[in-house]
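Take a look at the structure below.
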Amino acid sequence: MKTAFVTGASAGFGKAICRQLIAEGYRVIGGARRMDKLMQLGQELGEHFIPLALDVSDKASLDKAIGQINQASLSIDVLVNNAGLALGIERAQQCDPQNWERMIATNITGLALITQRILPRMVEANSGLIINIGSIAGTYPYPGGNVYGASKAFVKQFSLNLRADLAGTRVRVSNIEPGLCSGTDFSVVRLNGNMEAVEALYKDVEAIRPEDIANTVSWIARQPEHLNINSIEIMPVAQSSAALNVVRNL
Ligand code: NDP
Ligand code: 8X3
């Protein structure tokens, strides 16, 4: 039985990815801070789902979680680095620096350190797949994207650099870069629980669904071993690029 480790499994994409991989016969370790949510998911998914208390932004928690995985002699075939968050939509000059620190600690440091802990065993086994969850925000700038977008640009370049370091091994790395997605807690967290603003964001838009991202993860994992999917950028049909901004009479 193959083992997947999904970070951020208590909600949104992570939860949908766990459901999909369990349905496909994987053993899934689901990590997140909210154990109650993970236990609930465990009741639904059964004995092949292993809930794991994990705060990727806290080194002690991360060390403990990796220690538990190693102690159980579970070797990870697929790592899905999904845990992440955006905090705020203010312009850079108005942002709360604590929000920036939390995004960096979670989306950059946490993702990098989890990868660093899991990678040596994959290289030793000469097998494994790392799927990072980036974002279109790592490619397309927008007002209020500042540190969140930059953290996802890190994920994009980190994924490519891992491929460079893993040359000569069979370990694979992919970056999924989704656009606007509804049905997760992402915007509730970003907009600090302002449900009116959340509803306005998704009003009359057919956005990506968490199941679409779970299907994409599953598709990547089913590719033959001689193929590496470097990156996949996904937007809802309702989303597209806008023209560059020009300010007149500046
Ligand atoms: P959700 O808020 O629904 O889920 C985020 C998950 O990350 C939760 O399970 C949360 O669990 C976990 N998480 C957050 N911080 C930590 C932490 N410090 N340690 C461990 N787990 C953590 O958001 P989404 O499912 O939408 O987002 C998942 C990923 O997809 C993120 O990386 C996000 O940036 C990215 N993304 C989202 C898009 C969207 O529009 N929704 C579009 C593009 C990318 P808990 O709080 O229990 O720890
Ligand atoms: C989330 C997508 O467009 O809200 O990563 O930044 S977006």
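Remember, it's 1-based here, ligands and their atoms both numbered in the order they're listed.
Looking only at protein heavy atoms, the nearest one to atom 3 (O) of ligand 2 is I136 CD1, 3.9 Å. In terms of protein heavy-atom proximity, atom 8 (C) of ligand 1 is closest to S10 OG, 3.6 Å. Of the protein's heavy atoms, A83 CB, 3.7 Å lies nearest to atom 22 (C) of ligand 1. Counting only heavy atoms of the protein, atom 6 (O) of ligand 2 lies nearest to Y142 OH, 2.6 Å. Shortest contact from atom 2 (C) of ligand 2 to any protein heavy atom: S135 OG, 3.6 Å.
Residues T184 and K15 have side chains not in contact (no heavy-atom distance under 4.5 Å, counting atoms from C-beta outward). S10 is listed as a side-chain neighbour of R34, based on a closest heavy-atom distance under 4.5 Å. Annotation: side chain of I213 is in contact with side chain of I208 (closest heavy-atom distance under 4.5 Å).
A donor-acceptor pair shorter than 3.5 Å cannot be found between the side chains of N175 and N132.
Of the heavy atoms in K152, only side-chain atoms (C-beta onward) come closer than 4.0 Å to ligand 1. Contact annotation for L54 and ligand 1: only backbone heavy atoms (N, CA, C, O) come within less than 4.0 Å of the ligand. Only the side chain of R190 comes within contact range of ligand 2, with a heavy atom under 4.0 Å; no backbone atom does.
Put simply, no part of R102 is less than 4.0 Å from ligand 1, judged by heavy atoms. For T106, the closest heavy-atom approach to ligand 1 falls below 4.0 Å. Between G134 and ligand 1 there is a heavy-atom distance shorter than 4.0 Å. The closest approach between G179 and ligand 1 falls below 4.0 Å for a heavy atom of the residue. Using 4.0 Å as the threshold, F186 has a heavy atom nearer than that to some atom of ligand 2. The shell of residues lying under 4.0 angstrom from ligand 2, judged by heavy atoms, excludes K152. Residue A9 places a heavy atom under 4.0 Å from ligand 1.
For the pair N146 (side chain) and E90 (backbone), a donor-acceptor distance under 3.5 Å is present. In terms of modelled atom types and a separation under 3.5 Å, the side chain of T7 and the main chain of N82 share a donor-acceptor contact. For N194 (side chain) and A197 (main-chain N/O), a donor-acceptor pair under 3.5 Å exists by modelled atom type. No donor-acceptor distance shorter than 3.5 angstrom exists from the side chain of S61 to the backbone of S57, with no hydrogens or angles considered.
Among the atoms of Q239, none of the N or O lies under 3.5 angstrom from an N or O of ligand 2. Remark: ligand 1 and A32 share no N or O pair separated by less than 3.5 Å (distance only, no angle test). On a distance-only criterion, G8 and ligand 1 share at least one N/O pair closer than 3.5 Å. On a distance-only criterion, S135 and ligand 1 share no N/O pair closer than 3.5 Å. Considering both main-chain and side-chain atoms, D185 comes within under 3.5 Å of ligand 1 through a nitrogen or oxygen pair. Taking distance alone, with nitrogen or oxygen atoms compared against 3.5 Å, C181 approaches ligand 1 more closely than that limit. Residue-to-ligand polar distances place F13 within reach of ligand 1: an N/O pair is separated by less than 3.5 Å.
Between M35 and the options K37, M39, R33, a side chain to side chain contact (heavy atoms under 4.5 Å, CB included) holds for only M39.
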Exercise for the section: Just do the ring-ring contact (aromatic ring centres under 6.0 Å, His included) check on Y142 and Y148 with the steps written out, would you? Expected result: CA-CA 10 Å; Y142 60 84; Y148 176 68; 7.7 Å; no

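Using a 4.0 Å cut-off between a side-chain N of Lys or Arg and a carboxylate O of Asp or Glu, R19 and E44 qualify as a salt bridge. Salt-bridge annotation for E177 and K156: present, with a side-chain N of the basic residue lying under 4.0 Å from a carboxylate O of the acidic one. Classification of R117 and D63 as a salt-bridged pair holds, one side-chain N sitting under 4.0 Å from a carboxylate O.
Atoms of ligand 2 lying under 4.0 Å from any heavy atom of A137, numbered from 1 in the order shown and given with element: 6 (O). Near Y148, with a cut-off below 4.0 Å to any heavy atom, the atoms of ligand 2 are 1 (C), 5 (O), 6 (O).
Two different hydrophobic clusters hold I232 and L79 under the rule that ILVMFWY side chains link at heavy-atom gaps under 4.5 Å.
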